[in-house]
2 protein chains.
Amino acid sequence: MNISEVSKKYGLSIDTLRYYEKEGLIPPVRRSESGLRDYSEQDCGWVEFIKCMRAAGLSIDTLRQYITLYFKGNRTLQKRKNLLVVEREKLKARIDEMQSTLARLDYKIEMYEGRIVACEKELLKKRKSK
Amino acid sequence: MNISEVSKKYGLSIDTLRYYEKEGLIPPVRRSESGLRDYSEQDCGWVEFIKCMRAAGLSIDTLRQYITLYFKGNRTLQKRKNLLVVEREKLKARIDEMQSTLARLDYKIEMYEGRIVACEKELLKKRKSK
DNA sequence: GTAAACCCTGGAGCTGGCTTTACGTCAAGC
DNA sequence: GCTTGACGTAAAGCCAGCTCCAGGGTTTAC
């Protein structure tokens with residue numbers, strides 16, 4: 001799979017894919033004899049994982065740490081798990097905060113509905129009284 | 001209320017408060033004769049609102065639009081509501097995505113637990129067989 | 001065999017959102 | 001009356017995370 005196919009498949013720009021690889025978020029991708037990237041299934045898996053984690057707000061740096069540990073093998077299992085646990089907690093906190101903001105927006109929108117109706121009634125009254 | 005009190009109260013830096021005001025996210029705050037900001041209750045309300053919305057991911061620009069509409073009065077009620085509805089949908093989508101990433105992290109963490117246990121057993125076995 | 005369409009790299013540039021800097025004013029305590 | 005420290009402004013700087021560009025090598029289609 002070449003880079004533009006992967007780009008389309010995951011909705012990440014070609015530049016971003018190269019950037020992620022350069023930054024070590026994705027292991028170095030195999031190249032064809034002429035030097036073109038050829039993404040394996042596994043590479044795609046990493047791309048998808050990174051995309052998902054980035055969208056959830058994990059930093060480039062954190063993800064780089066994770067993959068670095070990953071490639072050190074089994075003896076980093078505990079560290080990797082700890083990293084994930086920490087990020088999971090952060091994510092949970094972000095979600096909770098956003099949930100309550102969502103509720104707040106819902107409430108505000110409801111209020112607006114009420115006010116808009118009231119405003120329209122007011123207009124109607126004025127028109128009738130003419 | 002002066003700027004440093006508001007800063008402490010809401011956990012936004014003094015610089016950020018000035019920045020928000022300059023960018024029009026917060027209405028211009030009343031000044032003392034000598035030009036120092038003196039935040040009213042209402043100002044504080046805006047600060048709190050903006051802080052909350054920023055944390056939920058609404059852009060500076062969107063919030064500026066909202067407050068601009070707000071100060072045009074009642075005839076922008078519908079527009080303001082629409083803006084909030086759009087942002088609400090975006091927020092909901094972000095939350096949903098993050099929820100599923102959270103679930104994914106939970107799953108991964110569980111897997112790690114299993115693997116760590118397996119790894120420890122392996123070590124134990126090796127030690128016994130010596 | 002040549003133009004069009006990809007791909008490569010390294011490095012510069014951009015964007016959003018603050019943060020720092022440089023420099024000046026003012027109020028309070030000593 | 002002088003220092004100290006909080007406040008003011010404008011403008012430059014900074015950081016994360018891309019995004020674009022120049023310059024050059026392939027591959028593909030005609």
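Letters go in sequence order (proteins before strands), and every chain restarts at 1. Here the structure is a predicted model, which is why all the values come from computation and not from measurement.
- Under the rule for a salt bridge (Lys or Arg N to Asp or Glu O under 4.0 Å), R54(A) has no partner lying at least two apart in sequence or in another chain.
- Salt-bridge annotation for E41(A) and K9(A): absent, with no side-chain N of the basic residue lying under 4.0 Å from a carboxylate O of the acidic one.
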### Query
Which dot-bracket notation, 5' to 3', represents the base pairing of DNA chain C when pairs are defined as Watson-Crick or G-U with both distances under 3.5 Å, crossing pairs as [ ], and inter-strand pairs as |?
||||||||||||||||||||||||||||||
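- Counting only distance, with no hydrogens or angles, the side chain of T68(B) and the backbone of R64(B) share a donor-acceptor pair below 3.5 Å.
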#### Entry: side-chain hydrogen bond (donor to acceptor under 3.5 Å, both in side chains) evaluation trace for S59(B) with T62(B)
CA-CA 5 Å; S59(B) 74; T62(B) 300; 2.9 Å; yes
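- Within the 4.5 Å cutoff, no side-chain heavy atoms of L25(B) are placed close to those of M53(B).
- Residues Y107(A) make up the rest of the hydrophobic cluster containing M111(A), defined by ILVMFWY side-chain heavy atoms closer than 4.5 Å, directly or through other members.
- Checked against side chain to side chain donor-acceptor pair (under 3.5 Å), K79(A) has no partners two or more places apart in sequence or in another chain.
- Screening residues 9-45 of chain A for ring-ring contact (aromatic ring centres under 6.0 Å, His included), with sequence neighbours left out, gives no hits.
- With sequence neighbours excluded, the residues forming a salt bridge (Lys or Arg N to Asp or Glu O under 4.0 Å) with E87(B) are K90(B), listed by chain and number.
- On the nucleic acid side, DNA chain D contacts chain B at distances under 4.0 Å to non-hydrogen atoms, with the end points of that region at dC7(D) to dT9(D).
- Of the charged side-chain nitrogens involved, at least one lies within less than 4.0 Å of a carboxylate oxygen, so that R88(B) and D106(A) count as a salt-bridged pair.
- Here E5(B) pairs with M1(B), N2(B) under the side chain to side chain contact (heavy atoms under 4.5 Å, CB included) rule; sequence neighbours left out.
- Side-chain contact between S7(B) and L12(B) is absent, with no heavy atoms from C-beta onward closer than 4.5 Å.
- Residues from residues 58-71 of chain A placing a heavy atom under 4.0 Å of any atom in DNA chain D, listed by number, are S59(A), I60(A).
- Residue R18(A) is in base contact, counting any heavy-atom pair closer than 4.0 Å across all strands shown.
- Scanning residues 27-47 of chain B for heavy-atom distances under 4.0 Å to DNA chain D yields R31(B), G35(B), L36(B), R37(B).
- For residues 58-77 of chain B, the ring-ring contact (aromatic ring centres under 6.0 Å, His included) pairs, not counting sequence neighbours, are W46(B)-Y70(B), F49(B)-Y66(B).
- The span of DNA chain C lying next to chain B, judged by atoms under 4.0 Å from heavy atoms, is bounded 5' to 3' by dG17(C) to dA27(C).
- When each of Q78(B), R80(B), K72(B) is paired with T76(B), the side-chain hydrogen bond (donor to acceptor under 3.5 Å, both in side chains) condition holds for R80(B) and for no other.
- Comparing K22(B) and K22(A), the nucleotide of DNA chain D nearest to each residue sits closer to the 5' end for K22(B).
- Looking at heavy atoms from C-beta onward, D38(B) lies out of side-chain contact with R31(B) at the 4.5 angstrom threshold.
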